[in-house]
Colleague: 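Below is a structure I'd like to ask you about.
Counting starts at 1 for both ligands and their atoms, following the listed order. Heavy-atom basis, side chains included; hydrogens, waters and symmetry copies ignored.
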Amino acid sequence: MINVLFSARDGLWAEYEQRLPEAFAELELQVRFGRDLPPEEVDYIVYAPNGGLSDFTPFTRLKGVQSLWAGVEKIVGNQTLQVPLARMVDPGLTDGMVEWVVGHVLRHHLEIDADIHRQTGDWKKVPPPLARDRKVTILGLGALGAACARALIALQFDVTGWSRSPRDVIGARCLSGPIGDALDGAEIVVLLLPDTPGTTNVLNAESLARLAKGAVILNPGRGPLIDDEALLDALDTGQVGHATLDTFRIEPLPSAHPYWAHPKVTVTPHIASETRPASAARTAAANIARAARGEQMQYLVDRQSGY
Ligand code: NDP
C-alpha cells in the first residue's frame, strides 16, 4: 500500500477524487489517496502550485512528486523539495496546445481577420499564399513544441525549430545554436519554451529585429520569454504585425496593461492548453506506479536547467 496526497486548488479535487483511484485500480496499485493524509505517511504527491503547499519538509518519507502542470517554474527552485519531480506530459495537454497553435497560425497565415473586416460589397480577390511558402519558427521543441511542429509540417508549413540541445523533428529545420539563426526571416514565431533564467527575454529588441517585417508572435509559453517593452516598440514600428499572447509576467493580466487595448495584440487568458483530468489522472497514476515498481519516473525535471 502506498499513500498518495492530492495537493492542488480546491476546485480540482472533484475532478480527481474518483479518477485517480480508478486509474490506480486499473494499474492494480493499492493506494490510500486523499487530501488530508498525515505528512509523515505520504509516499507521493500529485501537485499543483496553486494548492498552497510550499514546504515539503514534513513529508519525511516522500519519494516523488507528480506535477499537474507542464510548467514547473514555481516549484523547481523549492529547496524543501529534494525528491524527483515529474512535470505533466499528457496527450490531452498536448492536443489542446496543438489545436490552439494551429488555429492561431492559420488565423494569421490566411489573414482571416482581414476577411472578417472586409465585408464591404467589394469583390476583391486576395488569395493567401500556400503554407509551404510561410516560414514558421517554433522556439522550444519539447513535448509541446515538437507536437506543434509536426502538426504544422503536416499542413506543409516551412517549419524551423529551436531547442537547447539538438533535436530532430522530421520535416523541420532543427537548430540549437544562436537564436538569431532560428528567427532570421521568420513570419510567424511560436514560443513554447519553459520559463528559466536561460529563456528570460529571448524575444527582445535584437532578436525581434531578425524577423521578417510584420511578423506575428504567438506566446503560449510563458510571459517572461518576451521583453514587453521591446515587443510594444516593435508593434508600433510595424516590425511585428501582431502578437497573440496567452501568457504574461503578471496573471491575470492587469486591466490597465497596454496589451489589452493594443490594436495589434490579441490577449487570451492562459487557455492555450489545460491539463485535462480524464487523461492526466491516468498519466499521473502511471508515473507513480512506475516509481512504486522501483523504476524512474518519466519526464523528470532537471533542477540545474530549471525545466
Ligand atoms: P519541454 O520541457 O518538453 O520542452 C521545452 C523545450 O524548450 C525543449 O525543447 C528545450 O530544449 C527548450 N529549451 C529550454 N531552455 C532552452 C534554452 N535556454 N534555449 C533553447 N531552448 C530551450 O516542455 P513542454 O513542451 O512540455 O512545455 C513547454 C512550455 O509550455 C512549459 O514550460 C510551459 O511554460 C508552457 N505551457 C503553457 C500552457 C498554456 O496553456 N499556455 C500549457 C502547458 C505548458 P531541449 O529539447 O534541448 O531540452
Side-chain angles (χ1 to χ4, degrees), residues 48-50 66-77 85-104 137-152 159-169 172-183 189-204 207 217-226 243-253 266-277 279-280 283-284 287 297-307:
N50 57 10
Q66 171 65 56
S67 171
L68 287 172
W69 294 6
V72 290
E73 68 277 2
K74 289 192 165 72
I75 185 182
V76 71
L85 166 66
R87 58 201 190 77
M88 181 53 69
V89 175
D90 178 68
L93 188 65
T94 302
D95 292 349
M97 186 60 79
V98 167
E99 290 177 22
W100 189 92
V101 167
V102 169
H104 285 278
T137 289
I138 302 180
L139 301 179
L141 281 180
L144 300 177
C148 292
R150 283 190 287 272
L152 293 171
V159 176
T160 295
W162 184 71
S163 53
R164 203 160 61 102
S165 52
R167 297 281 162 192
D168 192 16
V169 176
R173 193 169 68 110
C174 296
L175 304 175
S176 57
I179 190 172
D181 294 347
L183 294 178
V189 179
V190 183
L191 289 108
L192 278 168
L193 295 162
D195 174 12
T196 72
T199 62
T200 305
N201 292 337
V202 288
L203 280 196
N204 52 37
S207 53
I217 310 294
L218 307 181
N219 186 14
R222 282 293 184 263
L225 303 176
I226 297 180
T244 295
L245 308 173
D246 184 60
T247 53
F248 305 89
R249 279 189 158 76
I250 300 172
E251 294 182 8
L253 184 67
T266 301
V267 171
T268 61
H270 204 138
I271 44 77
S273 191
E274 281 284 311
T275 300
R276 313 283 162 154
S279 56
T283 296
N287 218 6
M297 292 174 93
Q298 285 186 304
Y299 312 117
L300 286 181
V301 171
D302 173 0
R303 309 290 169 88
Q304 290 295 99
S305 45
Y307 69 100

Colleague: With distance as the sole test, does N201 use its side chain to make a donor-acceptor pair with the main-chain N or O of L203 at under 3.5 Å?
Modeller: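 No.
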Colleague: Is the side chain of E99 donor-acceptor paired with the backbone N or O of G96 at a distance under 3.5 Å, no angle test?
Modeller: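 No; zero donor-acceptor contacts below 3.5 Å.
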Colleague: Would you confirm whether T137, through its side chain, and A182, through its main-chain N or O, come within 3.5 Å as a donor-acceptor pair?
Modeller: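 Yes, because the side chain of T137 sits within donor-acceptor range (under 3.5 Å) of the backbone of A182.
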Colleague: Mind listing the side-chain donor-acceptor pairs of residues 66-76 below 3.5 Å, one per line with the distance, residues two or more places apart or on another chain?
Modeller:
unit_1, atom_1, unit_2, atom_2, d
Q66, OE1, N287, ND2, 2.8
Q66, NE2, R87, O, 3.4
S67, OG, W69, N, 2.9
S67, OG, W69, O, 2.9
E73, OE1, R222, NE, 3.4
E73, OE2, R222, NE, 2.7

Colleague: Can you tell me how far apart CG (D95) and CG (D90) are? Round to the nearest 0.5 Å.
Modeller: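 Atom-to-atom, D95:CG and D90:CG are 8.5 Å apart.
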Colleague: With distance as the sole test, does T196 use its side chain to make a donor-acceptor pair with the main-chain N or O of G198 at under 3.5 Å?
Modeller: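 At least one qualifying donor-acceptor pair exists.
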Colleague: Exactly which residues line ligand 1, taking a heavy atom under 4.0 Å from it as the test?
Modeller: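 Protein residues near ligand 1 are A70, G71, R87, M97, G140, L141, G142, A143, L144, G145, W162, S163, R164, S165, R167, L192, L193, P194, G198, T199, P220, G221, R222, D246, T247, H270, A272, S273, Y307.
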